Amino acid sequence: MLSFVAFGGATALLPEMHRVVVESRHWMDDATFTHLYAIAQGAPGPNVLVVTLIGWHVAGLAGALAATVAMCLPMSVAIYLLIDRWEGFAGARWQKAISLGVAPLAVGLIFSGATLIAQAAAFGWAAWLIVGATVLVNLKTKLHPLWLIVLGGVVGLSGWV
């Protein structure tokens, strides 16, 4: 069911995934959930990798495959079946309204996911400084994000966070 509301990708669904796997089912704790998310974001590929890692943690290879297919297949089929109709309404006022309305929804869902990860990771003041600096550097410079990831790893290895 989550795949049908994944506006903004899997990251937008983090609060609901967290509620299910940590709070309701108790398949993992906050720290494990946060670590799996960090690994998924650090690895190349789509952000849906977090779903695969959660499935792997819960039920091994079968869980990884089941979680990934359950997240990707339903909406992929729906989009495949509906894309021609959607494109046929290009330029219609209601189509533009839907497209404009979904954008802030995606931003809000992604922001709530980021907030959840910050809370689950129990950020201290140093971590919040890194968050702020990362946002500023990312918005104000053309520095490749990989350098920020490397810098974050160095800061983590140094024990400052």
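Computed from a predicted model, the values in this text were never measured in an experiment.
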Item to check | Residues which pass side chain to side chain contact (heavy atoms under 4.5 Å, CB included) with A78, listed by chain and number, not counting sequence neighbours | outcome: F4, M75

Name the atoms and distances for all side-chain donor-acceptor pairs under 3.5 Å in residues 130-141, with sequence neighbours left out.
residue, atom, partner, partner atom, Å
T134, OG1, I130, O, 2.7
T141, OG1, V137, O, 2.6
T141, OG1, L143, N, 3.3

Next on the checklist: Show every ring pair (Phe, Tyr, Trp, His ring centres under 6.0 Å) that has at least one partner inside residues 97-133, sequence neighbours left out.
Outcome noted: F123-W128

Item to check | ring pair (Phe, Tyr, Trp, His ring centres under 6.0 Å) pairs, two or more places apart, involving residues 41-73 | outcome: none

For the residue pair [X] and [Y], what are the closest heavy atoms and their distance?
| X | Y | result |
| --- | --- | --- |
| P15 | A12 | CD-O, 3.8 Å |
| V51 | A10 | CG2-CB, 4.3 Å |
| G55 | A67 | CA-CB, 4.0 Å |
| C72 | V48 | SG-CG2, 4.0 Å |

N/O donor-acceptor pairs under 3.5 Å from side chains in residues 87-105, not counting sequence neighbours:
residue, atom, partner, partner atom, Å
Q95, OE1, G91, N, 3.4
Q95, NE2, W86, O, 2.9
S99, OG, Q95, O, 3.1

Next on the checklist: Distance check, rounded to the nearest 0.5 Å: T11 atom OG1 versus N47 atom CG?
Outcome noted: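 Those atoms lie 3.5 Å apart.
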
Next on the checklist: Under 4.5 Å side-chain heavy-atom separation, chaining through any Ile, Leu, Val, Met, Phe, Trp or Tyr, what else clusters with L73? Say none if it is isolated.
Outcome noted: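 Result for L73 is V69, V77, Y80, L81.
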
Checklist entry - Which ILVMFWY residues can you reach from L82 by hopping between side chains whose heavy atoms are under 4.5 Å apart? => result none

Item to check | Pair listing, side chain to side chain donor-acceptor pair (under 3.5 Å) test, anchored in residues 60-73, at least two apart | outcome: T52-T68

In a table with atom names and distances, give each donor-acceptor pair under 3.5 Å that connects a side chain of residues 21-39 to protein atoms at least two apart or in another chain.
residue, atom, partner, partner atom, Å
E23, OE2, H18, ND1, 3.3
S24, OG, R19, O, 3.2
S24, OG, R19, NH1, 3.4
H26, ND1, V22, O, 3.2
H26, NE2, E23, O, 3.1
D29, OD1, A31, N, 3.4
D29, OD1, T32, N, 2.8
D29, OD1, T32, OG1, 2.7
D30, OD1, H18, NE2, 2.5
T34, OG1, D30, O, 2.9
H35, ND1, A31, O, 3.2

Item to check | Pair L109-L13, side-chain contact (heavy atoms from CB on, under 4.5 Å): steps then yes or no | outcome: CA-CA 7 Å; L109 289 170; L13 300 175; 5.8 Å; no

Do any side-chain atoms of residues 144-151 form donor-acceptor pairs under 3.5 angstrom with protein atoms, and if so which ones, sequence neighbours left out?
residue, atom, partner, partner atom, Å
H144, ND1, L146, N, 3.0

Checklist entry - Is there a chain of hydrophobic side chains (I, L, V, M, F, W, Y, each step under 4.5 Å between heavy atoms) that links V58 to V20? => result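 Yes, same cluster.
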
